[in-house]
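As structure tokens, the structure follows; a few thoughts come after it.
In this chain, residues are counted from 1 in sequence order. Because the structure is a prediction, the values reported are computed rather than measured.
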Amino acid sequence: MLTLARTTVARTFSRSLRLNAAGGSAALHTLPDLPYGYDALEPHICKEIMELHHKKHHQAYVTGLNDAEKKYLETSDVKTRINLQAALKFNGGGHINHTLFWKNLAPSSSGGGSLKEGNLKDAIVRDFGSVEKFKEQMNATTAAIQGSGWGWLGFNKGTRKLEIVTTANQDPLLSHVPIIGIDIWEHAFYLQYKNVKADYLKAIWSVINFEEAESRLAQALKD
């Protein structure tokens with residue numbers, strides 16, 4: 001069975017292109033609502049960042065994806081379609097990654113930052129030695145990304161282990177099942193943390209939705 005990432009990619013592109021080809025609306029992708037208020041992650045991520053990140057940046061990826069898909073379907077010219085691949089990848093990846101990211105977070109008052117006993121914690125301790133060692137390695141790997149990108153805790157279907165990997169720009173994670181993703185683009189932290197990535201990465205663990213991560217791992221283990 002396809003991994004969560006591959007399933008999401010397939011749904012994002014093949015479904016929309018199929019419906020468009022059948023005469024459906026070109027604007028099939030929409031900005032998902034956040035499962036909490038814009039100020040719910042404070043003081044760890046401020047309201048202003050969340051509003052800009054969601055309303056402006058994520059919306060831009062949705063708009064760009066819809067536009068690229070519309071142009072793709074309006075032409076049968078191979079060169080034109082090839083030229084559109086970059087826009088489809090960038091905007092489609094941005095939409096996929098951020099849709100995962102919002103669910104990846106939760107207010108501290110709703111359990112954000114709390115990793116309970118269970119399969120996820122057991123797997124983290126098994127594969128990284130301890131929860132703290134995992135966070136340190138995840139933060140170091142993510143902080144080391146040159147330019148913009150994402151840091152991921154992913155499940156390797158081949159080894160059946162959790163691994164820390166990165167993707168550049170808005171590339172979606174396709175090699176692993178995404179369990180936890182951290183956006184390290186400046187728009188995710190700069191207004192609050194300036195250029196100090198380490199402070200942002202330290203703070204975000206207080207609002208990581210480990211319950212969602214547990215659910216993703218459980219699904220990956222079933223596939």
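Residue Tyr38 holds its OH atom at 4.5 Å from NZ of Lys55, rounded to the nearest 0.5 Å. Ile208 contributes atom CD1, which lies 10.0 Å from atom CG of Leu41 (distance to the nearest 0.5 angstrom). With rounding to the nearest 0.5 angstrom, the CD1 atom of Ile49 is 5.0 Å from the CG atom of Leu191. Distance check: Tyr200 OH to Tyr193 OH gives 9.0 Å after rounding to the nearest 0.5 Å.
With sequence neighbours excluded, the residues that form a ring pair (Phe, Tyr, Trp, His ring centres under 6.0 Å) with Phe101 are His53, Trp150.
Here the side chain of Asn83 pairs no donor or acceptor atom with the backbone of Lys79 at under 3.5 angstrom. At distances below 3.5 Å, at least one donor-acceptor pair connects side-chain atoms of Asn104 with backbone N or O atoms of Gly181. Looking only at distances, no side-chain donor or acceptor of Asp183 sits under 3.5 Å from a matching main-chain atom of Ala188. Judged by distance alone, the side chain of Gln170 and the main-chain N or O of Asn91 form no donor-acceptor pair under 3.5 Å. Without hydrogens or angle criteria, Lys157 side chain to Ala220 main chain gives a donor-acceptor distance under 3.5 Å. Of the possible donor and acceptor atoms, one in the side chain of Gln192 sits under 3.5 Å from a partner among the backbone N and O of Cys46. Proximity of a side-chain donor or acceptor of Asp67 to a complementary backbone N or O of Thr63 within less than 3.5 Å is not detected. Under a 3.5 Å cut-off, the side chain of Asn169 and the backbone N or O of Asp171 do not form any donor-acceptor pair. Between the side chain of Glu212 and the main chain of Lys103, no donor-acceptor pair closer than 3.5 Å is present.
Trp102 has its side chain within reach of Tyr36: a pair of non-hydrogen atoms, C-beta onward, lies under 4.5 Å apart. Counting heavy atoms from C-beta on, the side chains of Ile204 and His44 never come closer than 4.5 Å.
Note on residues 129-142: pairs passing side chain to side chain donor-acceptor pair (under 3.5 Å), not counting sequence neighbours, are Asn139-Trp205.
Using a 4.5 Å cut-off between side-chain heavy atoms of Ile, Leu, Val, Met, Phe, Trp and Tyr, Ile82 falls into a hydrophobic cluster with Val78.
Residue Glu211 qualifies as open at atom CD: its count of foreign heavy atoms under 6.0 Å is 12 or below. Atom CG of Asp122 has more than 12 heavy atoms from other residues, nucleotides or ligands within 6.0 Å. Atom CD of Gln85 sits in a crowded spot, with more than 12 heavy atoms from other residues, nucleotides or ligands closer than 6.0 Å.
Between Tyr61 and Trp185, the angle of the ring planes goes over 60°, which puts this pair in the perpendicular group of the 30/60° scheme.
When only modelled atom types and interatomic distance are considered, Asn209 and Arg216 share no side-chain donor-acceptor pair under 3.5 Å.
None of His29, His98, His187 except one satisfies the ring pair (Phe, Tyr, Trp, His ring centres under 6.0 Å) rule with His58; the exception is His98.
Checked against a 6.0 Å centroid threshold, the rings of His176 and Trp152 do not count as neighbours.
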